[in-house]
Amino acid sequence: MPKTLEGQITARDLRLAIVVSRFNSFITERLLAGAIDAFIRHGGDDGLLTVVKTPGAFELPLAAQAVAKTKKHEAIVALGAVIRGDTPHFDYVAAESIKGLAQVTLTTGVPIIYGVLTCDSVEQAIDRAGTKSGNKGFEAAVTAMEMAALMRLIGEPA
Ligand code: INI
């Protein structure tokens, strides 16, 4: 039988940080509410939860890096909403946020979950922020729980 490591989905004793951008706040506040809901409903203690707000999605990687370097949190959820209609530099903002967050998670070893919506329209963003297509913030928080648990398991002595 192979030894299989797979993280449980629980927020019990989990020290979680959420970095969330204010740009398109009518969407990102819904994502944040979804992430907090998931954390609490899975047994999380809000005293162990830190929320960090940035101006836009472009600033998420730097904030996440600063949070990761404190080593106070076992996982970080990054939330934002980049909407194509808003700007011609949509592609740059979207690409830099995902590239930056991917770099930070690998260099710090802290799981960072990508909960940034990249949408063609406001309607599409609304769908993914708690209406037709669920809430990406909720999903990202659940993924953070699993990854934090997985990292604990991988780090346990054999
Ligand atoms: N930031 C977002 O989070 N979403 C967007 O859709 C967006 N648009 O469209 O411009 C956006 N721009 C701001 C950017 O993230 C930075 O805050 C800004 O460029 C200052 O560095």
Side-chain angles (χ1 to χ4, degrees), residues 7 9 11 14-42 44-151:
I9 298 175
L14 176 66
R15 289 172 287 109
L16 181 72
I18 301 173
V19 291
V20 55
S21 56
R22 282 194 312 271
F23 204 102
N24 293 322
S25 63
F26 62 104
I27 299 292
T28 62
E29 285 296 325
R30 299 310 307 151
L31 298 176
L32 176 61
I36 294 174
D37 184 37
F39 180 77
I40 299 299
R41 283 214 257 157
H42 286 82
D45 170 357
D46 66 5
L48 300 180
L49 177 65
T50 303
V51 176
V52 175
K53 296 199 174 186
T54 67
F58 182 78
E59 287 77 26
L60 288 172
L62 181 61
Q65 178 177 257
V67 170
K69 281 184 173 171
T70 68
K71 297 285 176 203
K72 288 183 184 161
H73 309 279
E74 297 170 277
I76 300 172
V77 173
L79 301 175
V82 190
I83 301 175
R84 189 178 290 277
D86 286 356
T87 174
H89 66 265
F90 164 94
D91 292 304
Y92 300 111
V93 174
E96 291 310 314
S97 80
I98 195 164
K99 199 166 62 172
L101 290 166
Q103 187 187 324
V104 173
T105 195
L106 292 176
T107 56
T108 62
V110 178
I112 298 180
I113 311 308
Y114 193 72
V116 178
L117 298 179
T118 50
C119 300
D120 288 328
S121 65
V122 171
E123 291 70 28
Q124 216 177 63
I126 291 169
D127 285 351
R128 297 174 190 175
T131 55
K132 277 192 244 169
S133 309
N135 186 312
K136 179 93 172 169
F138 189 103
E139 288 168 26
V142 170
T143 305
M145 292 169 209
E146 180 172 345
M147 283 304 295
L150 179 63
M151 299 308 278

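In listed order, ligands and their atoms are each counted from 1.
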Side chains of Ser97 and Tyr114: do they bring a donor and an acceptor to under 3.5 Å? yes
Please classify the Ser97 to ligand 1 contact at 4.0 Å (heavy-atom distances, strictly less than): side chain, backbone, both or neither. neither
Side chain or backbone, does Pro55 bring an N or O within less than 3.5 Å of an N or O on ligand 1? no
Distance under 4.0 Å to a non-hydrogen atom of Phe58: what atoms of ligand 1 satisfy this? 14 (C), 15 (O), 16 (C), 21 (O)
Just which atoms of ligand 1 are under 4.0 Å from any heavy atom in Glu59? 15 (O), 16 (C), 17 (O), 18 (C), 20 (C), 21 (O)
Roughly how far apart are Asn24 CG and Ile126 CD1, rounded to 0.5 Å? 10.0 Å
Salt-bridge test for Lys136 and Glu139: reply yes if a basic N is under 4.0 Å from a carboxylate O, no otherwise. no
Side chain, backbone, both or neither: which part of Val82 has a heavy atom under 4.0 Å from ligand 1? both
Inter-residue atom distance Thr108.OG1 - Lys69.NZ, 0.5 Å rounding: 9.0 Å
Tell me whether ligand 1 is touched by Gly80 - counting only heavy atoms on the residue side and a distance under 4.0 Å. no
Run through Val142, Ile113, Thr105 and flag the one making a side chain to side chain contact (heavy atoms under 4.5 Å, CB included) with Met147. Ile113
For Gly100, does its backbone N or O pair with a side-chain atom of Gln103 as donor and acceptor, under 3.5 Å? no
Under 4.0 Å from any heavy atom of Asn24, which atoms of ligand 1 are there? 4 (N), 5 (C), 6 (O)
Less than 3.5 Å between some nitrogen or oxygen of Ile83 and one of ligand 1, yes or no? yes
Min N/O separation Ala81 to ligand 1 under 3.5 Å: yes
Main-chain N/O of Ile40 paired with Asp46 side-chain donor or acceptor, under 3.5 Å: no
